[in-house]
Structures are given as structure tokens and as C-alpha cells.
There are 2 protein chains.
Amino acid sequence: MLIKETKTHEVTTDVVIFTIKNGKLMVLLVRRANEPFKGKWAIPGGFIRLSEDLDAAALRILKEKTNVQNIYLEQLYTFGDPLRYPNSRVITCAYFALIRSDDLELSFEDKSQITDVQWHKVNQLPSLAFDHREIIEYSLKRMRERLELCPIAFQLLPKKFTLTELQYSYELIMGKKLDKRNFRKKVLSSKIVKELDEYTKSTSKRPARLYSFDNITLNSKRGHFFS
Amino acid sequence: MLIKETKTHEVTTDVVIFTIKNGKLMVLLVRRANEPFKGKWAIPGGFIRLSEDLDAAALRILKEKTNVQNIYLEQLYTFGDPLRYPNSRVITCAYFALIRSDDLELSFEDKSQITDVQWHKVNQLPSLAFDHREIIEYSLKRMRERLELCPIAFQLLPKKFTLTELQYSYELIMGKKLDKRNFRKKVLSSKIVKELDEYTKSTSKRPARLYSFDNITLNSKRGHFFS
DNA sequence: TTATTATATGTAAAAAATACACTAATGCAA
DNA sequence: TTGCATTAGTGTATTTTTTACATATAATAA
């Protein structure tokens, strides 16, 4: 009983963009200008063009919404519940990204589709359009798994950072405290950070040594990092 | 310079099905009856129906080609290079599965699309259609990663199996030898297998105790298993 | 100069991973 | 029926990794 189906699917990409802002783990949301879910917050996304690679589409969306390029972007999962999108079949290929919130200004040129772009606390999300809450939750889970394998947290930090800042990123994402000495031991022995001859200046108290990440090969599995 | 695109994408699912047969890791391939790549071997796949969930589509494909249900099936990755499919844009959501080859007979009802179904040795693949070689390679990589986290190898074994058989599956997938005592220690201490009061009979030599897997929760991350 | 605060550091104990070699049970052939 | 061949099954010592934990240091502000 095969039904001949002539209509084809629509395919979008949605990008879950994380950052740390004011000591909180945040996710970037846009407010929808149109139905369905008009007025609701959603993950930035858009239709994949007919001759556009999936990664390229996700990068384009990212750039359109945040002006950011050259970022850690990873395909997350493809969500295809036939009921996830009202009144039509839209399959979405979700990505996630980590960025530094300081060096970017939120922008959205396409006022016809979006009325607002804002960072939202991950543990205090508004009501979301579609299955976007599920996508964010899955994204968090995956980000935690990735963090154990490879130090993607550096994407959240400036080029030069202190080990305390790095540890703080880890603690935010993993949602638990880590021991300072063990953390430093592990980071330093893993050879993924380069010790600089510079120190923090501006703050009061003892200056902290600065470090930088050196030639990180992302996606490479280099044994486990933190668990 | 936005080009208005009215045509939409086609979406397929391809399922990489692994088994162990005659002591080799095998993958199921079908021979294409039509262009493109007429006569070439390919991963079994097909178009996702308009109101069909992705997982359901993959399960359907699996059943159509192998008559097998209730299997370990995991979404692998979505491949969307605009050039992966000649003359049209086809995005494919790939899955992978592990099955026991004994208790299934290969079948393909749709002779109009497939002329043959066969198991092929993973390390001796024929020339494949589309980007299917890449998909299989990625699938292998992912299967190895999964195996370290959760004992999916049991899908390759009969309900009752010996620890030697289990170890052999691991060695085949991981592509390396494991120490027998350490392997058994780890498996037994993990509490994932249940010792039975039965032994192998038919073979010559000392009979081996049989074990079974007990209520495996797949996809659950239970710490690491083998590395 | 003293108090305050964040930086920075090492060691001992516990747990996990690894390396490694012999005995046990059976079938088969002499 | 004995012993030879073959696969099953077992334990310990060593190394590596992970964890737990407390005090001295460098700067600023009062």
C-alpha cells in the first residue's frame, strides 16, 4: 500500500549558539515575526539553499544572526518528527556552536522575520517555538559529552585567558564544581594550553598568568579530558 | 543577491547495517537496478515519506531489506554535500545498525530498484555509489566510539553467548586484540551480563559458560567500557 | 603595615588499567 | 584408556590515573 508522494520535504538548519555572559551559560534566541509561533522565541535557523552544503548553511545562519565567523560548529542531530512543524513537513538539521559574547554585536538584517535577538539563560528559558526546547536540551547534553573529550570550552574564552577563567567555563557547562589543583594539573599536563609571559593587570589582587590555546585540532579525539 | 528557490530538497535515509559473519565484520549492500550508479553497490536506503519520522523511515528500510525489526539503530549523521547526488539535491540522514546475521534471511521485494543484496567485508568493499564509502567509514568510526561507552556489541551476538564470542566481537569492531583476563574482568565487574547455568555443548574442547545481556538501556552513558 | 582576596602549588591515598602464565575440561586419535 | 590438542577459565603485581586536601604568594585597599 505505497502512497505515491510527490510533494517533498523542506529542510532547515537551526543553530544552538552558546556563550558565557555575566557568569551564566546563555543561548542565543530570536523572536519570530511571523506565524507559526509568531512572537515566540526560537533558535536561529533558516532554510537550506538548494546548492548549499549543510555546514555552509549553518555558518551562514550564524553569520546572519551574530556576525561571527570561524567558529566551532558541530552537527548535532537531525530532527524529523512529522508533527514538529505545524501544517508542513520540515526536517531540521541542528548544529551547535560556542562563541565569545564580548567580541560580537547581535544583528539581524531581516526584520521581516525576526523582531528581536537576545541572549537567554540556559536554565531560565522562555517558552520556545517548535521543538526548540528539546533541541537545546539535547545540545547541552552533547556539549557536555564533547567537553569531556576535547577542550571546546576555549571557544568561549578570549585568546588570552587565565586558568581560573577556563575552569569557570568548564564548571558552567558541566554544571558542577571542579577541584582547582586537579583541574590545573590536568590542563597543564595535556599540553593543550601555552603558558604566556603575560599576566592580568586591571583587576585588584594577585595577577593571574595568561594562557592561550595552541593549534587545537577540533573533533579529534585525544583521549578524555574531564569527566 | 538572494536567489529565490522554489524547488525543495529530497530527503533520504541510508542505513549502514553491520554484522559478523564467518569471523569477519560485514556490511549489507544492495546492488542498484537503476541510474544513477546503475549496477553499483550501495547502502540500503530510500526516500523518507512525507509523514514519516526519521527513525521510522530507517526502521522501515531495514525491514524491507532484511526482515529484521527491534534492532539497535542510531542516527549517525546527515550528509548534505550538494554534489553528493548527481543531477539533484538529495540530503541523506544516515543511520547505523548492528544485527545478528544468523537469524535473518536477506530479502528484497522491490526488484525494480534492487538486483541483489549481499553482505560485504568491511575491509574489502567494492566500488560504491554516491558518497557511500564515506558514510560507511564514518559509521565505523562512530561505532567504535559508541562501543567504548556502551556494550552495543551484544546486538551482534545470539541471546546466549560465551565471553569469548563477546570478546571476539569487540576485537573485530575495534580492530585490535584485547587481553582475555582483563576483558573478562571488566565485563563481569560491569554487571551488564548475566551468568547462566548453561554451557556450550556442540563444539569440541572445553565447554564455555553462556551469558546473556540483561536489560540493556542503550544510548545511556554508563561510564566507559572499553578503550 | 595590615587586612583582604584571588593566584598558585604538591603529596598521599585510592581506584583503574595493564601486563602476564598457568590449570581445567573436553574431544579425538593413537 | 591414555595422552594430546584445544579452548575455557582464573589472580596478582605494577603502573597509571584520579581524587582529596591546605598553605604560601602577590597584589590592592584601607
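Throughout, a chain's letter reflects where its sequence line sits, starting with A, and its residues are numbered from 1.
- Looking at B/K186, its side chain has no donor and acceptor atom pair within 3.5 Å of the base of C/dA17.
- Rounded to a whole Å, the CG atom of B/L163 is 7 Å from the P atom of D/dG9.
- Residue A/R209 has no polar side-chain atom (N or O) positioned under 4.0 Å from OP1 or OP2 of C/dT7.
- Side-chain N or O atoms of B/R31 include none that pairs as donor or acceptor with a backbone N or O of B/I114 at under 3.5 Å.
- The backbone N or O of B/L196 lies less than 3.5 Å from a partner atom in the side chain of B/R209, making a donor-acceptor pair.
- Rounded to whole Å, atom P of D/dT25 lies 16 Å from atom CZ of A/R184.
- Between the side chain of A/K185 and the base of D/dT19, at least one donor-acceptor pair of N or O atoms lies under 3.5 Å.
- If you check every strand for non-hydrogen atoms under 4.0 Å, B/T162 touches nothing.
- Both A/P207 and A/R181 lie near DNA chain C, and the one whose nearest nucleotide falls closer to the 5' end is A/P207.
- In this model, the phosphate group of D/dT28 is not approached by any side-chain N or O of A/R206 to a distance below 4.0 Å at OP1 or OP2.
- Side-chain proximity of A/N182 to D/dA8, C/dC20, D/dA20: nearest is D/dA20.
- In this structure, B/K180 places its NZ atom 11 Å from C1' of C/dC22, rounding to the nearest Å.
- Side-chain contact of B/Y138 with B/R133: a donor-acceptor pair under 3.5 Å is absent, judged by distance alone.
- Judged by distance alone, the side chain of A/T115 and the main-chain N or O of A/K111 form no donor-acceptor pair under 3.5 Å.
- Per the geometry, CG belonging to A/L166 stands 13 Å off P belonging to C/dA8, to the nearest Å.
- At whole-Å resolution of the value, CD in B/E198 and P in C/dA25 are 20 Å apart.
- Atom CD of A/E165 and atom P of C/dA6 are 14 Å apart (whole Å).
- Among the nucleotides D/dA8, D/dT7, D/dC21, the one closest to any side-chain atom of A/D179 is D/dC21.
- Residue B/K205 contributes atom NZ, which lies 8 Å from atom C1' of C/dC28 at whole-angstrom precision.
- Between the CG atom of B/L178 and the P atom of C/dA17 there is a distance of 13 Å, rounded to whole Å.
- With D/dA8, D/dC21, C/dT9 as the choices, the nucleotide that has an atom nearest any side-chain atom of B/T164 turns out to be D/dA8.
- In this structure, B/F161 has its ring center under 6.0 Å from that of B/F213.
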